[in-house]
Amino acid sequence: MNPETPLRIGNFSGFYGDRSDALREMLTGGDLDVLTGDYLAELTMLILGRDRLKDPSAGYARTFLRQLEDCLGLAHARGVRIVANAGGLNPAGLADAVRRLAEQLGLPVRVAHVEGDDLTARHPGALAAHAYLGGFGIAECLRAGADIVVTGRVTDAALVTGPAAAHFGWAPTDHDQLAGAVVAGHVLECGTQATGGNYAFFNDEGRDVRRPGFPLAEIHADGSSVIGKHPGTGGFVDTGTVTAQLLYETAGARYAGPDVTARLDTVRLIQEGPDRVRVDGVRGEAPPPTLKVGVNRIGGFRNEVVFVLTGLDIEAKAALVRAQMEPVLGKVAEARWTLVRTDRPDAGTEEEASALLRLVVRDPRQEAVGRALSGAAVELALASYPGFHVLAPPGKGAPYGVFEAAYVPQDAVVHTAVLPDGRRVPVAPPADSRPLTAVPEPELPTPLPPGPVRRAPLGLVAGARSGDKGGDANVGVWVRSEDAWRWLAHELTVERFRELIPESRDLPVTRHALPNLRALNFVVEGLLGAGVASQHRFDPQAKALGEWLRARHLDIPEVLL
């Protein structure tokens, strides 16, 4: 690698289950130096943990191997290195499997892996407990000549900071450069979410997001980058798609990681041309003295049944079936009812005339939520409200997961790069650190002058993207003009947010302003209970929370509409 030239890094996977042909599409669509694949999420670690219980040799993303079987020869011929966190709970096992595959294909591919993240033994009762490592283990592997590097639980951005540090020779104290790569990595990590996927303004005229291409970043020695995609692929890249992804699953101005804390309030976005957004100005600080550890446990057993209520007397029908189920529900640890009024008066179809009454039960004992619940629900088939039926009969009850975050000192983890020749190289923790603190609230723009307003959905003016971090949800909201920012910054307060999202009224809500992005980021603590695997609410990962917010009505200045 030549540090004088930009490093071209592409992404071919944003989650475990992403488009399987993306690796071939990225290899054949244009020039690249490195391809990254992100397979891990909080829920994925739980899934892989359950896989490992059944088979100790499992615990990694098997789909990655299938993609390599098709494309390893192509990557080798084009000199493209591949870095992926598909190793999950067993990076050494995946590295061995990749070596066997390369031998079968007759390819002289050098494989390395990164380990040291597994702290499960320190957390009794946990199914999986893994520290989020940084990118310098990946950099060691690439400097040693690895063609393929697989990791376990690293931060998503580490898949980019590692190759960039290796290419440009960055040291752990090059905070600004590393922070720039972190921002680029955060934009790339979710694949097509940076190229029009899941985008608030997808319906704007002239945009085709039926099959968005995967993103890439041209990273420069100073840490700046240009986000784009291969020519001829679908979707689009503009400052809006990049802003949306920057706000995804982040919080305040300080975005902390194991290598560096990136200052999101310093990010500058410039539309450099069609499907090209320059990202520069990013400043970095020393990372926190601790590493985050994701701890996944089995929380108990869960079951649900959805009763369909049709036609008249919806509330009375719901009250009847709730009373009939009460004897059995008194024996479970938790029961939660939700009535969703999807029914319409004088409906033209039976489906439009029906409401859904959802019952979710949880208990440490499987028998309490299994046969007891299903038997009680099924026995009502001829003895309850008129038109009784359910969407599906309840099952025997399934285990659900609980996610919690813990923290350990950086030097408590043995971060290790296992090189292609088998040598094990320890990766030292950062020499300097800085405890994470909030930045002072930035100065807000001058409010818009008073004028006529119209009651309308927020989404006519603002975009949003939302997601999960353990039991917390975040909602990033941004606008596309300076006048809209002058209005949003003063209108969408924490109090107004709580009015628009009633679920948040009794929960801690924090607002972070990012003027450079014309954006506000709201963090709602505890909205998701014990995390996605606990399925605490209808939208367990808060993926659509931002779209609900955009659909809420408030008084908007007519000049913005």
Side-chain angles (χ1 to χ4, degrees), residues 1-2 4-15 18-38 67-68 70-84 159-160 163-164 167 180-181 183-246 248 267-280 463 480:
M1 291 186 178
N2 180 0
E4 302 300 319
T5 62
L7 178 68
R8 288 176 59 86
I9 301 183
N11 171 278
F12 68 90
S13 174
F15 69 101
D18 210 343
R19 236 160 59 199
S20 61
D21 60 356
L23 180 54
R24 174 168 288 276
E25 180 181 300
M26 291 301 288
L27 285 168
T28 58
D31 291 335
L32 290 170
D33 299 305
V34 178
L35 266 171
T36 64
D38 182 9
Q67 289 172 294
L68 282 187
D70 176 53
C71 295
L72 188 56
L74 184 59
H76 180 67
R78 294 189 170 231
V80 177
R81 294 175 164 186
I82 295 175
V83 179
L159 301 176
V160 170
H167 181 78
V183 169
H186 185 66
V187 174
L188 295 189
E189 70 179 59
C190 287
T192 53
Q193 278 196 171
T195 57
N198 300 353
Y199 185 56
F201 300 113
F202 75 100
N203 209 26
D204 282 2
E205 186 176 352
R207 289 177 168 174
D208 183 356
V209 294
R210 289 174 294 177
R211 188 180 170 86
F214 277 69
L216 58 89
E218 299 169 4
I219 300 179
H220 296 265
D222 63 355
S224 66
S225 62
V226 176
I227 307 298
K229 64 185 186 68
H230 282 326
T233 56
F236 60 97
V237 178
D238 67 13
T239 55
T241 64
V242 174
T243 297
Q245 182 55 28
L246 281 177
Y248 181 65
V267 177
R268 208 167 38 201
L269 304 180
I270 301 168
Q271 191 77 43
E272 192 174 80
D275 297 322
R276 288 180 65 82
V277 173
R278 177 168 292 281
V279 183
D280 64 18
R480 299 186 285 184

Quiz prompt | Worked verdict on F201 versus D238 for side-chain contact (heavy atoms from CB on, under 4.5 Å) | solution = CA-CA 11 Å; F201 300 113; D238 67 13; over 6 Å; no
Practice problem: Under the salt bridge (charged side-chain N to carboxylate O under 4.0 Å, His left out) rule, what do D33 and R8 come out as? Steps first, then yes or no, please. | Solution: CA-CA 5 Å; D33 299 305; R8 288 176 59 86; 5.9 Å; no
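Remark: Q245 CD to L188 CG distance equals 9.0 Å, nearest 0.5 Å. In this structure, CD on Q193 lies 11.0 Å from CG on N11, to the nearest 0.5 angstrom. Within the model, atoms CG of D18 and CG of L23 stand 11.5 Å from one another, a figure rounded to the nearest 0.5 Å. The line from OG1 of T28 to CZ of R78 is 6.5 Å long, rounded to the nearest 0.5 Å. Between the CG atom in L74 and the CE atom in M26 there is a gap of 12.5 Å [rounded to 0.5 Å].
Taking each heavy atom of L35 and F12 in turn, the nearest pair found is CB-CD2, 3.9 Å. Taking every heavy atom of both residues into account, L32 and I9 meet most closely at CD2-C, 4.2 Å. A200 and G463 get closest at one heavy-atom pair: CB-CA, 3.8 Å. Shown here for G196 and V209, the closest heavy-atom pair between the two residues is O-CG1, 3.6 Å. Residues R210 and P212 share a closest heavy-atom pair of C-CD, 3.9 Å. The shortest heavy-atom contact between F214 and S13 is CE2-N, 3.8 Å.
Contact check for E189 versus L159: no side-chain heavy atoms found under the 4.5 Å cut-off. In this structure, P215 and V187 have side chains that are not in contact, with every pair of non-hydrogen atoms separated by 4.5 Å or more. At least one side-chain heavy atom of V279 sits less than 4.5 Å from a side-chain heavy atom of V267. Here the side chains of L7 and V34 are in contact, with some heavy-atom distance below 4.5 Å.
Remark: D204 pairs with R207, R480 by the salt bridge (charged side-chain N to carboxylate O under 4.0 Å, His left out) rule, at least two apart or across chains. Taking E272 as the reference, R276, R278 meet the side-chain hydrogen bond (donor to acceptor under 3.5 Å, both in side chains) condition, with sequence neighbours excluded. Every residue meeting the salt bridge (charged side-chain N to carboxylate O under 4.0 Å, His left out) condition with R19, not counting sequence neighbours, appears here in chain and number order: D21, E25. Applying the side-chain hydrogen bond (donor to acceptor under 3.5 Å, both in side chains) criterion to D275, with sequence neighbours excluded, gives no partner residue. Not counting sequence neighbours, S20 has no partner by the side chain to side chain contact (heavy atoms under 4.5 Å, CB included) test.
When atom types are taken as modelled, the side chain of T195 and the backbone of V237 share no donor-acceptor pair closer than 3.5 angstrom. Proximity of a side-chain donor or acceptor of H167 to a complementary backbone N or O of T5 within less than 3.5 Å is detected.
Counting heavy atoms of neighbouring residues, nucleotides and ligands inside a 6.0 Å radius, atom CG of D31 does not exceed 12 of them.
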Atom pairs and distances, side-chain donor-acceptor, residues 220-228, under 3.5 Å, sequence neighbours left out:
{"from": "D222", "atom 1": "OD1", "to": "S224", "atom 2": "N", "distance (Å)": "2.9"}
{"from": "D222", "atom 1": "OD1", "to": "S224", "atom 2": "OG", "distance (Å)": "2.7"}

